[in-house]
Protein chains: 2
Amino acid sequence: MPRKPGAPLRYREIADGLRRRIEEGEFPPGARLPTERALVNEYTASPGTVRAALGALRDEGLVESRVGSGWYVRSWRPIVRNALKRLSADQWGEGNSIWGVDIDDRELVADGVQIEHLPAGPEIVQVLGLSESDLVWRRSRRYLVDGVPVLRSASYIPDDLAHGTRITQVDTGPGGVYARLAEAGFKPMRFREDLRCRMPSASEMDDLQLAGSTPVVELVRYAYDATGRVVEVNRMILDASRYLLRYDFPS
Amino acid sequence: MPRKPGAPLRYREIADGLRRRIEEGEFPPGARLPTERALVNEYTASPGTVRAALGALRDEGLVESRVGSGWYVRSWRPIVRNALKRLSADQWGEGNSIWGVDIDDRELVADGVQIEHLPAGPEIVQVLGLSESDLVWRRSRRYLVDGVPVLRSASYIPDDLAHGTRITQVDTGPGGVYARLAEAGFKPMRFREDLRCRMPSASEMDDLQLAGSTPVVELVRYAYDATGRVVEVNRMILDASRYLLRYDFPS
DNA sequence: TAGTGGTCTAGACCACTAA
DNA sequence: TAGTGGTCTAGACCACTAA
C-alpha cells in the first residue's frame with residue numbers, strides 16, 4: 001500500500017510511540033523491546049518500516065540492537081574526560097553539569113600496546129615538521145571500561161626525539177612518554193586539541209565494537225615544547241556515545 | 001535472490017566501488033553521482049541495496065542527497081572554532097593541523113534573536129543554583145555561514161543578574177552579555193565547556209537543515225564569576241560536519 | 001513534465017544467540 | 001533448535017526539483 005498524501009510518516013509514528021513507552025517506563029534501561037516481527041503485527045507495518053523506526057531511536061542513542069537477541073533500551077552513563085585535570089581539580093570541583101554526571105569510579109584499562117617504527121603519513125609528517133623519508137615511532141593502544149572498548153589512541157613521536165629512550169619500549173617508565181621527552185630536552189609546555197565528530201568507518205566500527213549509527217569523536221592532540229616545535233601528535237578515536245568531553249579555561 | 005553464505009556484503013561492495021571512484025576523481029567535489037536507478041542497473045542490485053550503499057557513504061560524510069535532484073559529492077571545509085582565542089593568537093599561530101585547515105574568512109551571521117523570560121527546565125535550574133519557580137532570561141539565536149545554518153545557541157541568565165540591564169534587550173551593547181554581567185558585578189572569570197556528540201533529533205535536523213545521518217555536537221558552556229557562581233549557561237547545537245573544535249592549553 | 005530521492009509493501013534466507 | 005536481527009529482492013507511489 002502506498003503512502004497517503006499528507007499523512008504523517010509511518011516510521012516516525014512508530015518511533016514516537018516506542019519512545020514514549022520507553023520514557024514512561026514500560027521499557028526501562030536494559031529492557032528488551034518486542035521483536036521486530038511482533039512490532040510488525042502490533043503496528044500493522046512492513047518489516048522495513050519497523051526497522052526504520054528502530055533505526056531512528058538508535059540514532060538518538062536510545063536503543064541498541066544485539067544480533068540474534070533483540071533490541072534493548074540503552075543506559076547512557078558517560079565517561080568524563082577532563083582535558084585539563086590539574087587546573088580543574090583545585091578551582092572547579094566536580095559539580096555543575098546539565099547532564100548530572102558524577103565522579104567516575106570506573107577504570108580505564110589498556111589492552112596492549114603496539115609499537116612500530118615506520119615512515120609516517122603525509123599529514124603526520126607535515127605537522128611534525130619532518131620529510132617523507134623520516135621515520136617516526138607509533139605507539140597505538142585501545143582502552144576499555146568494564147571490558148567495553150571506548151577509545152583507540154595512536155601516538156606519533158619523531159625518531160630523533162625517541163631514539164635511545166624508553167619511548168621505543170612497551171614500558172616507558174614513570175611519567176610516561178612526556179617525562180621521557182622532558183628528560184631528552186623536549187618538555188611539552190603546551191597542548192592543542194582539535195576535535196571532529198563524524199560517523200565511523202567500517203574498520204573503526206569493528207575496532208571499537210560500535211553499535212550501529214553511533215558517531216565517533218576524532219581527537220588530535222599536539223604537544224609543543226618551549227621552542228614551539230611539535231614533539232608528539234596523538235590521534236584518538238572515541239566512542240562518542242560513551243564520552244563527555246570537558247574543557248576548563250580562564251576568561 | 002538470498003545472500004550467498006560467506007559472500008562479502010553487497011552494499012559494502014557497492015559503497016567501496018563508489019568511494020574509490022570518488023577518490024580517483026571520477027566524481028570530484030560537488031559532482032552528481034549516477035541516479036539510484038542507474039546504479040541499480042550498473043551494479044545489478046535492488047534499490048534497497050543501492051540505498052544502503054549510498055547511506056554508508058553519507059555516514060562517512062562523503063556524499064549527500066538532495067531530494068528530487070540526486071546524490072552529490074560533498075566538500076568538507078570546516079569552520080575552526082577556537083574556544084580560547086586570546087591565548088592562541090599570540091602563542092600558537094594558525095598552522096599545525098593534520099586536517100590542513102586554513103584561516104577562515106567566511107562570516108558567521110546570526111539570523112534573529114529570540115528573548116524569553118520564563119521558568120527554566122530542571123537541569124538549567126540546578127546548575128544556576130535556582131529554585132523551580134525562579135525566572136531566567138533565555139536568549140536564543142541561530143548562526144549561518146554562507147547562508148547555511150551551522151549552529152543554534154541558547155543562553156540562560158538568572159533574572160536577578162539580568163534584571164534592568166540590556167541583557168533583556170535584543171541589542172546588548174558593546175561587549176555583549178559578558179560586559180553587562182561584569183558591570184553588574186558578576187564578571188565571568190572562568191569557563192567550562194562540556195561536549196557531547198550524538199545523532200540529532202528530528203527537530204534539530206529541521207532547525208539546522210542537516211543532511212541525513214550527520215551528527216551534532218551538543219556543547220554546554222558555563223560562565224563562573226569570581227565567587228564560583230554560575231552566572232550564565234549557554235547550550236549550543238552544532239552541525240558536526242561543519243566544525244573543527246580547537247582547545248589550546250598550557251601543560 | 002520528466003526525472004529524482006524518500007518511503008513503503010511483503011516477502012526471503014543468512015549468521016548468530018540463548019536455552 | 002527455535003527465535004532474533006541483518007541483509008536482500010522487486011517492485012510501488014509520493015513530494016519535490018529543474019528545465
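Per chain, numbering begins at 1; letters A, B, ... match sequence-line order.
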Margin query: Counting only side-chain nitrogens and oxygens, does A:Tyr11 get under 4.0 Å of the OP1 or OP2 atom of C:dC8?
Written below: no

Notebook entry, point to check: Among C:dT9, D:dC8, C:dG5, which nucleotide sits nearest the side chain of B:Arg10?
Noted result: D:dC8

Item checked: Nucleotide nearest A:Ala45 (side chain, heavy atoms from C-beta), chosen from C:dC8, D:dG6, C:dT9 -> C:dT9

Next item on the list: Among C:dT4, D:dG5, C:dA10, find the nucleotide with the atom closest to the side chain of A:Ser65.
Entry: D:dG5

Next item on the list: State whether A:Arg58 and A:Glu64 are salt-bridged, where the test is any N-O pair (Lys NZ or Arg NE/NH1/NH2 against Asp/Glu carboxylate O) under 4.0 Å.
Entry: no

Item checked: Presence of salt bridge, A:Arg198 and A:Glu204, under 4.0 angstrom -> yes

Margin query: Using a 3.5 Å distance criterion without hydrogens, assess whether the side chain of B:Arg139 forms a donor-acceptor pair with backbone atoms of B:Val170.
Written below: yes

Item checked: A:Arg37 or A:Thr49, whichever maps to the more 5' nucleotide of DNA chain C -> A:Thr49

Notebook entry, point to check: How many Å lie between CZ on A:Arg32 and P on D:dG3, as a whole number?
Noted result: 12 Å

Next item on the list: Looking only at side-chain atoms of A:Ser69, point me to the closest of D:dC8, D:dG5, C:dA18.
Entry: C:dA18

Notebook entry, point to check: Can you tell me how far P of D:dT4 sits from CG of A:Asn41, to the nearest Å?
Noted result: 11 Å

Check: Among C:dG6, D:dG5, C:dC8, which is the nearest nucleotide to the side chain of B:Val67?
Finding: C:dG6

Item checked: Under-4.0 Å side-chain N/O to phosphate OP1/OP2 contact, B:Arg51 with C:dG5 -> no

Note to self: What contact category does B:Arg66 fall into here, base, sugar-phosphate, or nothing, at under 4.0 angstrom with non-hydrogen atoms?
What the structure shows: sugar-phosphate

Margin query: Without decimals, in angstroms, what is the distance between A:Glu36 CD and D:dG3 P?
Written below: 16 Å

Note to self: Whole angstroms only, please: what is the OH-P distance between A:Tyr72 and C:dC16?
What the structure shows: 17 Å

Item checked: Length of the line joining B:Ile14:CD1 and D:dT9:P, which is rounded to integer Å -> 8 Å

Next item on the list: Return the nucleotide paired to C:dT17: Watson-Crick means purine N1 to pyrimidine N3 with N6-O4 or O6-N4, wobble means G-U with N1-O2 and O6-N3, both under 3.5 Å.
Entry: D:dA2

Check: Between C:dG6 atom P and A:Leu9 atom CG, what is the distance in whole Å?
Finding: 12 Å

Next item on the list: To the nearest Å, give me how far apart OH (A:Tyr43) and P (C:dC8) are.
Entry: 15 Å

Checklist line | A:Ser69 backbone acceptor or donor facing A:Arg32 side chain under 3.5 Å | finding: yes

Checklist line | Sidechain-backbone polar pair: A:Arg142 side chain, A:Asp207 backbone, donor-acceptor under 3.5 Å | finding: yes

Note to self: What is the separation between atom CG on B:Leu33 and atom P on C:dG5, rounded to the nearest whole Å?
What the structure shows: 9 Å

